[in-house]
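Just so it is clear, the structure is predicted and the values come from calculations on it, not from any experiment. In what follows, chains carry the letters A, B, and so on, assigned in the order in which the sequence lines appear, proteins first and then strands, with residues in each chain numbered from 1.
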Amino acid sequence: MKVTTIKECLDEKDSQGGEIVAAKVNGRPVDLNTPLTKDSKIEGISIHSPEGLEILRHSTSHLMAQAVKELYPEVRITIGPSIAEGFYYDFDYSRPFTPEDLAKIEEKMRALAKEDIPIIRREMSKGDAIKLFDKMGETYKTEIIRELPEEAVSLYQQGNFTDLCRGPHLPSTAGVRSFKLLSTAGAYWRGDEKNKMLQRIYGTAFPTEAELDNYLNKLEEIKKRDHRKLGRELDLFSIQDEIGAGLILWHPKGALIRKSIEDFWREEHLRHDYDLLYTPHVARLDLWKTSGHTEFYQANMYSPIEVEGQDFQLKPMNCPFHIMIYKTKIHSYRDLPIRWAELGTVYRYERSGVLHGLLRVRGFTQDDAHIFCRPDQLEKEITSILDFTVDILKTFGFDRYDIYLSTRPEKFVGSMENWEKATTALCKALEMKGLAYQIDPGEGVFYGPKIDIKIKDVLDRAWQCTTIQVDFNLPERFSLSYVGEDGVPHQPIMIHRALMGSLERFFGILVEHYAGAFPLWLSPVQVRVLPITEKQNEYAGEVKTLLSREGIRVKVDSRSEKIGYKIREAQMEKVPYMFVVGGREAESRSVSVRMRKDGDIGTMPLASAIEKVKKEILIYQSTK
RNA sequence: GCCCUUGUAGCUCAGUCGGUUAGAGCACCUCCUUGGUAAGGAGGAGGUCACCGGUUCGAUUCCGGUCAAGGGCUCCA
């Protein structure tokens, strides 16, 4: 047999029965039916590898475009990449696609896949490609081609559908297997709101039906855990029209959880040599002029409030207040570092379309802190913050992260030397802690480099919470100084940092992370005492008093309902411990313990039950 | 902000092709029941059908606008 393509070459070496979807030649991904050239190092790309999955999804996206073009010939195609959890394709069409359209498109896709249409790559000059797409009326494609730097472009053809694409792709439409179209959305051409709104269709694809089902189940699970749904069901918080969009009302149970978080946060900060501050919610506009917010942050600020001829500004950040406290006296180099923390509530204007439950709001409380230090202290401070962050996050059950280091952007303040030093300090701190990170080149804030930490929840979703930012700008603007060993003033470096980010968002993430079943130390009601009949109400009251005395949050359900009903309700409210007390328990001063997760664990003396609960509450502190 | 979808009781949802008193389940209140590990029974109360305007003899229903929510685009804690 004469070997002429990559596919045949790979087939000869070892066959994985259709599991190979593309190949790498000298490390470059190519189609399987690429003609073979000599001296090439060839590797197969399995459909089960991340690269293979991406190719599968990309080809599925093309198959969708082909189906759409066949069903709605007047549609113009734009772009259709694979994304983290699937793919999308943006179409220019006179109307949005309906769920019925999606069903039809899906059906068409299955038919086209069954036809086993070969997917063929062609290369041609830009000029020829433009002519070709021009003839088809695909103006978006010609626009893309004109902007490509290469001389030649590659096209992929399947049946009478041709798309501009770098590839690689599956060898045939038959390779597209388990997929589902999920939703439609408006999306601007090239993400720019000045451009035309296109019709986007999202979908996902997997190598096997089982993996697709698994993913669809995960979507269901995400829906069940939605903090907006659980927030209402568990009576944690609300957002109301009469109050305003993006403004949160914390109900008693939510407030109690927040209090536990705040108490923990304050204790930990004091333990880590931070001091606590409180600052006002508004300040004279001039302060924000000095800080530069009126210049750089205007788009996110509310309009000033005029009082007695003076303008006041609702605060979008806490930093200027902390700085003004720093400026109330002269500091020696011996005073540094100064670490000041505040649970500071700020208000930022967010466009109405982006608001989302607790995760994106207009008024929120940052777990903010500002550290004023000498340049030689920077690295050590960053290291301690990283340690502190990991500890705090671990307490809430987060121990997997994605860490990003953002470096100097094009527009920046401060000297190149300082940037260099600060960036090196951030890198070194991360490396010393053995934390893996990615570099986001040019993504730093104009005033300094930063580290962002995204936590991963139980469903593997990443959430940006922690941010650690070095700032050269504000110390300059506010002329901050400390007196050095040499007796002359020097400029301190400022670090802004938030570990949880905002209490609102963090709480929303926690609700989803725990699916509303908060660990004991955070549960608003830790124990609910359930008397079997009204005859045990008195004993239940005694049990309650004893638990309260130990600092345990406890309620009694003394309603005239059957025990099954009371249990069902406590279970749905996700109360961690139920103490069932009937005649037998009252007689022997014991309780029948039922746990949220494990159910009935039997009767035990009251004192042992209290000890058990106390011990479990303390567990979170020993994780440090 | 923009595109699409949605807005009926505290919650989940029926319903009205424009026509007297708009329904259900859960939750709530009262009474009966005193029951041993996920729903005992009966009765009752609860709605300006998001808001404003228009068409009409008549609008919760049709039309327009506003507000809000949801899915995205963009941005971010």
Side-chain angles (χ1 to χ4, degrees), chain A residues 88 90 93 95-99 182-202 223 226 228-229 232-233 235 238-246 297 299-300 316-318 344-346 348-368 445 452-454 463-467 469 496-509 530-537 559-573 578-585 592-596 599-603:
Chain A
Y88 68 80
D90 285 345
Y93 192 34
R95 63 170 180 88
F97 293 103
T98 63
L182 296 170
S183 59
T184 57
Y188 299 104
W189 169 233
R190 303 203 146 158
D192 187 335
E193 63 187 78
K194 289 190 221 45
N195 289 339
K196 184 161 185 191
M197 179 73 70
L198 305 171
Q199 305 303 331
R200 175 171 296 181
I201 302 177
Y202 282 98
K223 254 192 220 164
D226 192 313
R228 294 164 298 183
K229 182 172 173 279
R232 187 174 52 239
E233 286 172 2
D235 198 12
S238 64
I239 302 167
Q240 300 175 26
D241 286 11
E242 288 82 349
I243 310 291
Y297 210 68
N300 282 294
M317 292 191 192
N318 304 302
T345 304
V346 298
R348 297 185 186 172
Y349 166 72
E350 296 284 359
R351 307 207 284 180
S352 53
V354 307
L355 299 173
H356 182 90
L358 293 172
L359 303 181
R360 198 64 190 282
V361 297
R362 285 180 174 160
F364 58 97
T365 303
Q366 290 183 304
D367 68 317
D368 210 357
V445 203
D452 286 327
I453 301 181
K454 289 187 180 179
W463 306 93
Q464 152 105 58
C465 293
T466 308
T467 182
Q469 310 181 346
H496 307 248
R497 49 110 280 200
L499 306 185
M500 298 183 283
S502 97
L503 288 178
E504 285 73 7
R505 170 186 276 180
F506 195 73
F507 179 59
I509 295 167
L530 309 178
I532 292 199
T533 75
E534 285 169 6
K535 292 192 196 81
Q536 287 86 42
N537 281 355
R559 294 173 304 171
S560 149
E561 294 290 352
K562 285 178 138 173
I563 193 65
Y565 185 87
K566 293 183 185 180
I567 287 172
R568 177 185 150 82
E569 221 162 72
Q571 197 74 42
M572 289 198 309
E573 289 174 36
M578 288 161 246
F579 284 3
V580 177
V581 295
R584 295 199 295 269
E585 287 80 7
S592 169
V593 180
R594 186 188 165 95
M595 294 176 74
R596 173 175 67 192
D600 188 357
I601 60 163
T603 304

Considering only side-chain heavy atoms of [X], which listed nucleotide, [options], is closest?
X       : options                   : answer
Q366(A) : rA39(B), rA77(B), rG1(B)  : rA77(B)
R232(A) : rG1(B), rC11(B), rC2(B)   : rC11(B)
R351(A) : rU74(B), rC3(B), rG36(B)  : rU74(B)
V354(A) : rG36(B), rU74(B), rA77(B) : rU74(B)
I567(A) : rC76(B), rG36(B), rA38(B) : rA38(B)
T533(A) : rU34(B), rA39(B), rG1(B)  : rU34(B)

For the pair made of [atom1] in [X] and [atom2] in [N], what is the distance, rounded to whole Å?
X       : N       : atom1 : atom2 : result
F506(A) : rC76(B) : CZ    : C1'   : 18 Å
L182(A) : rU5(B)  : CG    : P     : 20 Å
E233(A) : rG10(B) : CD    : P     : 17 Å
Y88(A)  : rC73(B) : OH    : P     : 8 Å
E561(A) : rU34(B) : CD    : P     : 14 Å
R228(A) : rA68(B) : CZ    : C1'   : 14 Å
W189(A) : rC3(B)  : CH2   : P     : 20 Å
K566(A) : rG40(B) : NZ    : P     : 12 Å

Checking side-chain contact (heavy atoms from CB on, under 4.5 Å) between N318(A) and each of T365(A), D368(A), T345(A), which is the one that passes?
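With N318(A) as partner, side-chain contact (heavy atoms from CB on, under 4.5 Å) holds for just one option, D368(A).
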Does [X] make a side-chain donor-acceptor contact with the base of [N], cut-off 3.5 Å?
X       : N       : answer
E569(A) : rA27(B) : no
S560(A) : rU33(B) : yes
R348(A) : rC76(B) : no
E534(A) : rG35(B) : no
Y188(A) : rG72(B) : no

Heavy-atom nearest nucleotide on RNA chain B for G501(A) versus G583(A): which residue maps closer to 5'?
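Comparing both residues, the 5'-ward one is G583(A).
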Specify the residue among R505(A) and R584(A) whose closest nucleotide of RNA chain B lies further upstream toward the 5′ end.
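In this pair, the answer is R584(A).
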What's [X] touching, base or sugar-phosphate or nothing? Going by heavy atoms closer than 4.0 Å.
X       : value
F97(A)  : nothing
I563(A) : sugar-phosphate
G353(A) : base
A245(A) : sugar-phosphate
E585(A) : base
V346(A) : nothing
Q240(A) : nothing
G191(A) : sugar-phosphate

Show the nearest heavy-atom pair for residues [X] and [Y], with the distance to one decimal.
X       : Y       : result
I601(A) : M595(A) : CD1-SD, 3.8 Å
T184(A) : I201(A) : CG2-CG1, 4.3 Å
P531(A) : N537(A) : CG-OD1, 3.2 Å

Applying the 5.5 Å / 30° rule, does F364(A) stack onto the base of rA77(B)?
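Base of rA77(B): stacked against F364(A).
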Under a 4.0 Å N-O cut-off, is there an ion pair linking D226(A) with R228(A)?
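A salt bridge links D226(A) with R228(A).
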For R360(A), is there an ion pair with E504(A) - N to carboxylate O distance below 4.0 angstrom?
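Between R360(A) and E504(A) there is no salt bridge, as every charged N stays at least 4.0 Å from the carboxylate O atoms.
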Determine, step by step, whether L359(A) and I509(A) satisfy the side-chain contact (heavy atoms from CB on, under 4.5 Å) criterion, reporting the C-alpha distance in whole Å, the side-chain angles of both residues, the deciding distance to 0.1 Å, and the verdict.
CA-CA 8 Å; L359(A) 303 181; I509(A) 295 167; 4.1 Å; yes
Using salt bridge (charged side-chain N to carboxylate O under 4.0 Å, His left out) as the criterion, list what pairs up with D600(A), not counting sequence neighbours.
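Listed in chain order: nothing, the list is empty.
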Using a distance-only test with no angle check, is there a side-chain donor-acceptor pair under 3.5 angstrom linking Q199(A) and D90(A)?
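Side-chain D/A pair, Q199(A) to D90(A): absent.
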So what does the secondary structure string of RNA chain B come out as, 5' to 3', with Watson-Crick or wobble pairs under 3.5 angstrom, [ ] for crossing and | for pairs with another strand?
(((((((..((((.....[...)))).(((((.......))))).....(((((..]....))))))))))))....
